[in-house]
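Worth saying up front: this structure is predicted, and the values here are computed from it rather than measured.
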Amino acid sequence: MTHTSDSSGLDALDRAIINVLVADARISNAALAERVGVAPSTALVRTRALVERGVIEGYHATVSLAAVGRPVQALIAVKLRAHDREEIDRFTRFVPDLPDVVEMFHVSGGTDYLLRIAVASTDALRNWVLDHLATDASVAHTETTLIFGHHPGTTGPLLPSGPDATN
């Protein structure tokens, strides 16, 4: 495996390590080293360097929201009344800490934010919107879409095709 870096500063070994960790973040360092074809000490040093450089942001457990009593998920599009920096900053700080918010995206276009929330029931969803968004003076409009299914895509970098590509 060649170790030539691309424009992102990642070489083939970095990408191989990332790919393996995206597939299984709980893999042991010894198994990681074996999968990418390097010594365990090299795998450990490279993984630590990826963390220090901010390429790997963390290791996460994925929880079934339904299994913890939050089976109803929705995307809520939010449009703010005004687009001044103070209101945007306040909304951006405030909303992610609200109960039941799984993710928040600040987006462009006709919507300012997309919120993904998970609650126990459709009544809880209605109440959440009323309690947290409809009463917020900075919110001009919301539109709620129920999520029937969630099918995650790839979360890691797409490896370049060719001889350096590793699964």
So T111 and K79, side chain to side chain contact (heavy atoms under 4.5 Å, CB included) or not? Walk me through it. CA-CA 5 Å; T111 296; K79 183 163 182 61; 6.0 Å; no
Quick one: salt bridge (charged side-chain N to carboxylate O under 4.0 Å, His left out) pairs with a partner in residues 112-127, sequence neighbours left out? E103-R116, D123-R126
Taking L146 as the starting point, is it possible to reach V78 by hopping between hydrophobic residues whose side chains are less than 4.5 Å apart? yes
Please write out which residues are connected to L114 in a hydrophobic cluster, directly or through intermediates, given that two of Ile, Leu, Val, Met, Phe, Trp, Tyr count as joined at side-chain heavy-atom separations below 4.5 angstrom. F105, V107
Could you check whether any side-chain heavy atom of S138 comes within less than 4.5 Å of a side-chain heavy atom of R81, counting everything from C-beta outward? no
Would you name the heavy atoms of R53 and G9 that are closest together and state the gap between them? NH2-O, 3.2 Å
Residue pairs passing the salt bridge (charged side-chain N to carboxylate O under 4.0 Å, His left out) test where at least one lies in residues 59-72, sequence neighbours excluded: R70-D100
L125 side, atom CG; T144 side, atom OG1 - distance, nearest 0.5 Å: 5.5 Å
Just so I know, are the side chains of L50 and L10 near enough to count as touching, which here means a heavy-atom distance under 4.5 Å? yes
One should read off an interatomic distance between E34 CD and L32 CG, to the nearest 0.5 angstrom, of 10.5 Å
Over 12 non-hydrogen atoms of neighbours within 6.0 angstrom of CZ in R90: yes
Heavy-atom closest pair, residues V139 and L133: CB-O, 3.6 Å
Taking the side chain as C-beta and beyond, is there a heavy-atom pair between R35 and I27 under 4.5 Å? yes
Is the closest side-chain heavy-atom distance between I18 and V55 below 4.5 Å? yes
Is any side-chain heavy atom of W128 closer than 4.5 Å to one of L115? yes
Scanning both residues in full, the closest heavy-atom pair of V119 with A124 reads CB-CB, 4.0 Å
Other residues, nucleotides, ligands: >12 heavy atoms within 6.0 Å of E87 CD: yes
Between T42 (side chain) and V38 (backbone), is there a donor-acceptor pair under 3.5 Å? no
Closest approach of S28 and A31, non-hydrogen atoms and distance? OG-N, 3.0 Å
Side chains of I147 and L75 in contact at under 4.5 Å (non-hydrogen atoms): yes
As an exercise, state the distance from CG of D89 to CD of E86, rounded to the nearest 0.5 Å. 8.5 Å
Common cluster, L21/V51, ILVMFWY with side-chain heavy-atom separation under 4.5 Å: yes
Is it the case that the side chain of D14 and the backbone of D11 share a donor-acceptor pair, with hydrogens and angles ignored and the cut-off at 3.5 Å? yes
Can V22 be reached from L13 by stepping across I, L, V, M, F, W or Y side chains whose heavy atoms are under 4.5 Å apart? yes
Mind checking the CZ-CE spacing from F94 to M104? Nearest 0.5 Å is all I need. 11.0 Å
Check L65 against A118 and note the closest heavy-atom contact, atom names and distance. CD1-CB, 3.7 Å
Does the side chain of R46 come within less than 4.5 Å of I17's, by heavy atoms? yes
Identify the heavy atoms of I76 and T142 that sit nearest to each other, and give their distance. CG2-CB, 4.1 Å
In terms of the angle between their ring planes, are F91 and Y113 parallel, tilted or perpendicular, with boundaries placed at 30° and 60°? tilted
